[in-house]
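Working notes, structure below.
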Number of protein chains: 2
Amino acid sequence: MNQSGHIADLLGKQGYRLTPQRLMVVSAIENSDDHISAEEIYSQVVARYPNVNISTVYRTLELLKRLSLVTETDLEGGRVRYHPADKGHHHHLVCQECGAIIDLDESLLEPLQDALLREHNFIADLRHLAIHGRCVRCGR
Amino acid sequence: MNQSGHIADLLGKQGYRLTPQRLMVVSAIENSDDHISAEEIYSQVVARYPNVNISTVYRTLELLKRLSLVTETDLEGGRVRYHPADKGHHHHLVCQECGAIIDLDESLLEPLQDALLREHNFIADLRHLAIHGRCVRCGR
DNA sequence: GTTGTAAATGCAAGTGCTTGCATTTATATT
DNA sequence: AATATAAATGCAAGCACTTGCATTTACAAC
Ligand SMILES: [Zn+2]
Ligand SMILES: [Zn+2]
Ligand SMILES: [Zn+2]
Ligand SMILES: [Zn+2]
């Protein structure tokens, strides 16, 4: 799972063009150990391909989200962050006061996901959630 | 609970100035039957107070959020929507494909909120959540 | 009622992200 | 290899929202 080239292969198989811009965006996401922002992806790509435009980065991210290949999560800090969908399933608690981030196991939201499917016929996308609130130190 | 003037009273008691702009933003939110956007609030206010600036609307919303007097929810459609915090507790399921919105009872997230407090000492703000995904008709 | 003050506002510029449109290009077909 | 074509890109403008700063103003103190 998630060997290098995984996402690019899937894009190709589904008929999407493997442009250099796309391949570089994909590899920035796959090679990041962490949650990467659009701006960070852009600066990696532009270093090797100087006339790429940031709108191409955003459009590629949009495509990857639509195909469920990456997840987008709001970890605060004014920009959203991206992560390969099949790598390290988990969630986060984000303190709105101090920015602290607590990691959560994916199992915590499974009961909710099941209940929403069963009781409301809704396929909730709870693959990489950020739950906002206050940590114990900032508690209200 | 939530009689007219409720929010304004609380602002006054906490030492915030009751400017005409603030009072009008507050009353737009309190008198809305639904989830209201910043733009909608602004156009109500500007109709009676023509030189108000939209940044004042946003700053007032920021204050009301911080004081837990209103909740902010992303119901899709490119702009976030606001609701009095003490009025009609509930959540939403939002279909990313067709935009359908299913209303949920607040009780659905109580077990999660309790578990996060107990197991992670985290006070999750789950007062008015939008859970994104696909409705049964758009199901993947 | 005047005066003093910090708080709030208006304005303009900035940020993150999106979109319409003309141009370029990956890929299929010959 | 040359050609055709829809898909993808670059560019510039636009949108929702934020921010720094100078000006105004609600409210308290006299
Ligand atoms: Zn994560
Ligand atoms: Zn905190
Ligand atoms: Zn609601
Ligand atoms: Zn749907």
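Only a predicted model underlies this, so the values are computations on that prediction, with no experimental measurement involved. We use all heavy atoms of the structure for the numbers below, so side chains are in, but hydrogens, waters and symmetry mates are not.
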**Item:** Check against side chain to side chain contact (heavy atoms under 4.5 Å, CB included), A/L75 and A/H92
**Value:** CA-CA 8 Å; A/L75 262 16; A/H92 302 280; 4.0 Å; yes

**Asked** For C/dG10, does OP1 or OP2 lie under 4.0 Å from any side-chain N or O of B/T56?
**Response** yes

**Request:** Kindly check if the number of other-residue, nucleotide or ligand heavy atoms within 6.0 Å of CG (A/D34) is above 12?
**Result:** yes

**Item:** Rounded distance in Å - CG (B/D74) to P (C/dC17)
**Value:** 14 Å

**Asked** How long is the line joining CD of A/E62 and P of D/dT9, in whole Å?
**Response** 13 Å

**Request:** Flag the pair A/H83 / A/H90 as yes when their ring centroid distance falls below 6.0 Å, and as no otherwise.
**Result:** yes

**Prompt:** Taking CZ from B/R59 and C1' from C/dG10, how many angstroms apart are they, rounded to a whole number?
**Reply:** 8 Å

**Asked** Is the phosphate of C/dT19, meaning OP1 or OP2, less than 4.0 Å from a side-chain N or O of A/S55?
**Response** no

**Message:** Between D/dA6 and A/R17, counting only base atoms on the nucleotide and side-chain atoms on the residue, is there a donor-acceptor pair under 3.5 Å?
**Reply:** yes

**Message:** In this structure, how many angstroms lie between the C1' atom of C/dC17 and the OH atom of A/Y42, rounded?
**Reply:** 14 Å

**Asked** Please give, in whole Å, the distance from D/dT23 C1' to B/N53 CG?
**Response** 13 Å

**Prompt:** Could you state the CD-P distance from A/Q14 to C/dT27, rounded to the nearest angstrom?
**Reply:** 15 Å

**Asked** Quick one: A/Q21 CD to D/dA7 P, roughly how many Å, whole number?
**Response** 17 Å

**Asked** Given atom CG of B/L63 and atom P of D/dA26, what is their separation to the nearest angstrom?
**Response** 16 Å

**Asked** Does the side chain of A/Y58 get closer than 4.0 angstrom to OP1 or OP2 of C/dC17 through an N or O atom?
**Response** yes

**Request:** List the atom of A/G12, the atom of A/L18, and the distance in Å for their closest heavy-atom pair.
**Result:** N-CD2, 3.8 Å

